[in-house]
Peer 1: 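The following block contains the structure, expressed as structure tokens.
Since the model is a prediction, treat every value here as computed from it, not as a measurement. Below, all heavy atoms of this structure are taken into account, side chains as well, without hydrogens, waters or symmetry copies. Sequence lines set the chain letters: A, B, ... in the order given, protein chains first and strands last, and positions in each chain run from 1.
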Protein chains: 2
Amino acid sequence: MEALKQTSFPKVDGREQRSKESRSRILKAATSIFAEKGPEGARVDEIADAAGINKRMIYHYFGSKENLYVEVLRHNYNKIYTLSKNAIDFADDPRVNVARAIRAYFYYLAENEAHVRLTSWEALCGGRCAGKLFPKFFDLIELEFDDIIKDGIERGFIRPDIDIRQVILSVHALCLVYFTRQEVVQSLWHEDMFSEEMLEACLEHILKLVFDGIFS
Amino acid sequence: MEALKQTSFPKVDGREQRSKESRSRILKAATSIFAEKGPEGARVDEIADAAGINKRMIYHYFGSKENLYVEVLRHNYNKIYTLSKNAIDFADDPRVNVARAIRAYFYYLAENEAHVRLTSWEALCGGRCAGKLFPKFFDLIELEFDDIIKDGIERGFIRPDIDIRQVILSVHALCLVYFTRQEVVQSLWHEDMFSEEMLEACLEHILKLVFDGIFS
DNA sequence: AAAGTAAGTAACTGGTTAGTTACCTATATT
DNA sequence: AATATAGGTAACTAACCAGTTACTTACTTT
């Protein structure tokens with residue numbers, strides 16, 4: 001490997017590689033610590049420790065704590081944006097489409113605590129970024145659902161008086177609440193949640209509610 | 001008024017009165033600043049300024065920032081606890097009961113931003129208090145709804161396979177989301193929300209969803 | 001192999017903040 | 001009127017934290 005010293009093939013463990021690794025270690029550590037403590041509570045020293053690098057390097061790669069935070073958010077929004085872009089896949093029955101979309105979102109939240117917490121901090125700390133820098137996400141969701149739901153209304157599956165934006169917000173709320181309001185979940189169930197069966201039961205409840213309501 | 005110097009009638013503007021007023025001014029200022037900035041972001045000096053008293057007095061009346069925060073939370077939970085205790089009022093139609101309960105909760109949230117934000121901070125900062133100190137609230141709600149919904153099931157208005165806890169959580173989620181996720185609301189509606197008509201439209205959507213779902 | 005450059009370190013700085021101290025003032029009791 | 005006590009103030013302190021400086025190490029290029 002010492003033979004590969006041409007310009008186009010830098011040493012495998014060379015500066016460039018280490019640099020990239022440092023940058024991504026910082027971003028990973030920052031994601032978990034910003035998610036845990038929020039943009040105010042997170043400490044630059046703690047992020048540096050968790051990333052196993054010197055604090056100076058955070059300023060070298062990201063300029064400031066604020067900038068690092070924005071980068072963490074961008075990463076986070078890109079992830080779900082890409083995911084939902086690729087999730088579009090039309091089936092015949094609009095019920096199947098809606099159910100699949102809800103299921104995908106619900107399990108994404110269940111498996112990405114950092115996403116849930118980062119957006120929650122953003123919501124509380126005045127949406128310093130989310131709303132302004134990454135507004136595309138809900139535009140996409142709206143467009144996506146628009147197609148599915150208009151198709152459903154045309155074919156008589158969905159009530160024509162429905163407001164798509166309300167539906168999106170409601171589904172958002174119904175999925176999110178299990179992960180953002182764990183004190184409430186705890187105080188209602190008095191036991192540990194989030195086994196595979198429990199999650200599936202919650203999702204099923206959401207689907208039943210969206211499809212039929214609670215009244216018979 | 002200077003004549004009323006007996007033991008049982010202290011001077012109107014005496015120490016006791018001023019003391020009580022100071023205490024409640026601190027509590028009021030603390031509520032609004034803790035709600036705005038959270039338990040970490042709130043500054044004791046800022047609370048003192050807002051209350052128009054010296055910082056020393058906060059330590060005199062409440063001992064510590066943490067203690068003051070707990071007191072603010074206790075106050076907040078007592079308020080809604082008392083409110084929902086008094087809201088029980090059986091009508092014949094379980095639909096009327098459920099609709100009234102949802103309406104009351106929705107408008108309580110709309111009119112009490114501090115409550116919405118305080119519980120949101122609590123949810124994120126690890127429920128240092130809410131879950132442990134004030135678990136009675138959801139027990140009460142559960143008991144209350146339990147009656148209403150069992151009555152509804154017996155009389156064939158409500159689907160018998162429904163889990164009451166899931167219903168409570170869903171209603172909680174559906175009402176809360178308008179006030180906790182304003183970036184999402186903004187990015188869906190692109191306009192200022194929360195006029196009287198808009199609020200009523202949102203509530204109507206929630207009721208329709210709970211009563212019938214979105215499918216026809 | 002020498003020079004240049006980027007990665008990395010440790011120790012520091014200036015500003016902020018929870019909590020304290022020493023002191024003053026007004027009210028209530030004797 | 002004298003004394004005790006609770007309400008109130010300003011200035012301080014010890015800890016903490018974002019960001020910086022001056023320096024060292026190691027890789028890459030010539």
Peer 1: Between C:dG19, C:dA10, C:dA22, which nucleotide has the shortest distance from any of its atoms to the side chain of A:R56?
Peer 2: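 Among C:dG19, C:dA10, C:dA22, the one nearest the side chain of A:R56 is C:dA10.
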Peer 1: Hydrogens and angles aside, do A:E71 and A:Y61 bring a side-chain donor and acceptor to less than 3.5 Å of each other?
Peer 2: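 The answer is no; no qualifying pair exists.
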Peer 1: Measure CD/A:E21 against P/D:dC27 and give the value in whole Å, please.
Peer 2: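 Rounded to the whole Å, the gap is 13 Å.
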Peer 1: Specify the separation, in whole Å, of atom CZ of B:F62 and atom P of D:dG7.
Peer 2: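 That distance rounds to 12 Å.
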Peer 1: If I take atom OH in residue B:Y61 and atom C1' in nucleotide D:dA6, what distance separates them, rounded to the nearest angstrom?
Peer 2: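 Whole-Å distance recorded here is 8 Å.
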Peer 1: For the pair B:E46 and B:K55, find out whether any cationic side-chain nitrogen is under 4.0 Å from an anionic carboxylate oxygen.
Peer 2: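 Salt bridge between B:E46 and B:K55, a charged N being under 4.0 Å from a carboxylate O: no.
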Peer 1: Tell me if a side-chain donor or acceptor on B:W121 pairs with a main-chain N or O of B:P39 at a distance below 3.5 Å.
Peer 2: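 No: the side chain of B:W121 does not pair with the backbone of B:P39.
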Peer 1: When you measure from every atom of DNA chain C, which of residues 44-55 of chain B have a heavy atom less than 4.0 Å away?
Peer 2: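 Here the set is B:V44, B:D45, B:K55.
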Peer 1: What is the distance, rounded to the nearest whole Å, between atom CD1 of A:I26 and atom P of C:dA7?
Peer 2: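 Atom CD1 in A:I26 sits about 11 Å away from atom P in C:dA7.
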Peer 1: Would you kindly give the NE2-to-C1' distance between B:H60 and D:dT9, to the nearest whole Å?
Peer 2: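 Rounded to whole Å, this separation is 13 Å.
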Peer 1: Quickly work out the B:E40 CD to D:dC16 C1' distance and round it to whole Å.
Peer 2: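 Spelled out: CD on B:E40 to C1' on D:dC16 is 13 Å.
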Peer 1: Specify the separation, in whole Å, of atom CD1 of B:I58 and atom C1' of D:dG7.
Peer 2: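 After rounding, the gap between these two atoms is 14 Å.
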Peer 1: Does a salt bridge link A:D163 with A:R165, judged by any charged N lying under 4.0 Å from a carboxylate O?
Peer 2: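 Counted as a salt bridge, because a side-chain N and a carboxylate O are separated by less than 4.0 Å.
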Peer 1: Any salt bridge linking A:K65 with A:E40? Criterion: basic side-chain nitrogen under 4.0 Å from a carboxylate oxygen.
Peer 2: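 Looking at A:K65 and A:E40, the cut-off is not met.
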Peer 1: Taking the side chain of A:R43 as its heavy atoms from C-beta onward, which of D:dA18, C:dG19, D:dG8 lies nearest to it?
Peer 2: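 Of the options given, the side chain of A:R43 lies nearest D:dA18.
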Peer 1: Ring-plane angle category for A:Y178 and A:F106, please: parallel below 30°, perpendicular beyond 60°, tilted otherwise.
Peer 2: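 Geometry flag for A:F106 against A:Y178: perpendicular rings.
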Peer 1: Is there a side-chain contact between B:S64 and the phosphate of C:dA18, meaning an N or O under 4.0 Å from OP1 or OP2?
Peer 2: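 For C:dA18, neither OP1 nor OP2 has a side-chain N or O of B:S64 closer than 4.0 Å.
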Peer 1: Can you figure out which of D:dG8, D:dA18, C:dT20 approaches the side chain of A:K65 most closely?
Peer 2: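 For the A:K65 side chain, the nearest candidate turns out to be D:dA18.
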Peer 1: Give a yes or no on this: more than 12 heavy atoms of other residues, nucleotides or ligands lie within 6.0 Å of atom CD of A:E113.
Peer 2: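 It does not: A:E113 CD has 12 such atoms or fewer within range.
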Peer 1: Write down the distance between NZ (B:K37) and P (C:dT16), rounded to a whole number of angstrom.
Peer 2: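 Atom NZ in B:K37 sits about 14 Å away from atom P in C:dT16.
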